[in-house]
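Below is one structure, written out as structure tokens, with a few remarks after it.
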Amino acid sequence: MGVVSSAVLAKLGHVVIGLDVDEVKISQLNRGAVPFYEPDLTDLVQAGLKTQHLAYTTQYEAAIPKAEVILIAVGTPSAPNGTADLRYVFGAVAAAAEYMADKVIVAIKSTVPPGTNVKIRDIISKYTDKQVYVAALPEFLREGNAVADTLKPDRIVIGATEPAVIKRLLSLHEGLGGKRVVITPESAQMAKYTANAYLAQRITFINQIANICEKNGAKISQVIEAIGDDKRIGGHYWYPGLGYGGSCFPKDVKELSAYAKSIGEGQGLLPKIDELNEERIIKKMNEYNKLVEGFKGKKVAVLGLSFKPNTNDTRFAPALVVVPFLLRHGAFVTAYDPQVKDEAIRLYPGIALADDPYKASSEAQVLILLVEWPELINLDVHKLAEVMDSGAFFIDTRNQYTQVDMKNAGLKYVGIGNG
Ligand code: UGA
């Protein structure tokens with residue numbers, strides 16, 4: 001989020017200095033190399049460096065004193081009790097405070113619970129007497145689509161109450177698409193959690209419906225088609241699978257749930273969403289284990305190791321549960337992912353890695369498609385059937401292929417919710 005924001009704001013003509021304590025990442029960024037895979041981001045960073053609107057540093061004294069707006073975009077992992085661990089937010093603010101100019105705006109982009117701004121203000125006041133404003137600027141970009149989402153957001157939410165702060169934050173975003181929503185910091189912070197928890201709930205809900213379809217012969221894709229035109233519901237953003245992953249939904253649902261509990265609203269839907277999502281992959285893998293008459297001794301191709309397409313982020317990726325399950329059940333696993341390479345060697349020492357999906361599937365009795373990477377949703381199924389064992393299973397956890405096509409190719413197709 002920090003790299004994307006810095007590069008987009010530089011493109012808008014602002015002078016941006018990106019600060020991080022990781023020297024390796026900062027020197028990579030200053031050379032125009034983005035240390036993770038995100039489409040279009042490298043070009044944007046390089047353009048910013050070239051125009052000298054963008055630079056990166058590890059030095060607070062280089063980045064903070066001249067800043068009119070300081071965006072805090074550090075991580076907020078979940079603490080063991082599920083609440084947001086705010087130590088990086090507080091640490092960054094404390095380290096920056098002594099260098100802050102008068103009337104600077106500290107805008108929190110990290111996902112934090114309501115009430116955090118007061119704590120931040122208290123921390124800052126320990127280090128400086130200057131007037132510092134604290135605002136909330138929640139971020140709604142998706143990984144893999146981060147540049148497009150930032151350039152053309154549906155909305156930009158500004159959580160601030162002082163007119164001068166609102167004015168400066170509105171002007172900071174001038175040139176970007178989308179509606180502006182100016183609300184209180186608490187509402188902005190709640191909006192962020194609400195958006196992620198709602199989307200996570202939507203995915204969990206459709207996965208429950210898919211489970212029912214698997215029992216009664218209905219097809220989940222047809223169910224979605226039949227209700228998607230109802231404008232109150234819509235057909236978007238609830239394709240079923242093995243559950244939601246990534247660095248945001250699992251964490252944010254847990255955090256909102258723990259935060260709700262801490263203020264006496266802990267019962268109800270939120271903990272259930274998390275519980276259903278957590279148990280889903282193992283449940284499905286147990287079903288698949290029965291279906292293929294045991295993974296033991298079978299060669300299994302796993303396609304897709306990231307948590308979703310167009311990113312090399314593996315946090316809460318389905319493969320993190322699927323691969324160990326397969327190994328525990330005695331399978332020989334060969335995997336392929338378009339972008340997860342070196343990390344796959346580190347994460348999965350017990351498996352073989354292939355350079356393409358067909359090599360990964362060679363002589364396999366089972367193929368499990370985990371991520372709908374563009375290159376993995378247009379596979380030549382006849383070529384696959386040729387390289388795989390005869391009558392092999394194709395388990396499509398993203399419902400990208402059809403029963404008919406697979407049958408014609410001679411593969412046994414298994415979709416989610418009957419495809
Ligand atoms: C999510 C939100 O979509 C962003 O708006 C938000 O800014 C971000 O979290 C964040 O808080 O930083 P992201 O985690 O990058 O973005 O990815 P999504 O595309 O939303 O997917 C999340 C998970 O849900 C993935 O595991 C994906 O496979 C799954 N998913 C998504 C489904 O299973 N079905 C769907 O229909 C959509």
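Each ligand, and each atom within it, is numbered from 1 in the order the structure gives. Numbers for residues simply follow the sequence, beginning at 1.
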Q. With a 3.5 Å cut-off and no angle check, do the side chains of Thr76 and Lys251 form a donor-acceptor pair?
A. yes
Q. Rounded to the nearest 0.5 Å, what separation is found between the OH atom of Tyr56 and the CG atom of Leu49?
A. 6.5 Å
Q | Within the protein, residues bringing a heavy atom under 4.0 Å of ligand 1, chain by chain | A | Glu139, Phe140, Leu141, Arg142, Glu143, Lys192, Asn196, Ile203, Tyr237, Trp238, Tyr239, Tyr244, Gly245, Cys248, Phe249, Asp252, Phe307, Lys308, Arg398
Q. Does the pair Arg180/Glu174 count as a salt bridge with the N-to-O cut at 4.0 Å?
A. no
Q) Do the rings of Phe249 and Tyr244 sit parallel, tilted or perpendicular, given the 30° and 60° boundaries? A) perpendicular
(Q) Among residues at least two apart in sequence or on other chains, which ones pass side-chain contact (heavy atoms from CB on, under 4.5 Å) with Val371? (A) Ser306, Pro309, Trp373
Q) About how many Å separate CD of Glu38 and CZ of Arg142, when rounded to the nearest 0.5 Å? A) 10.5 Å
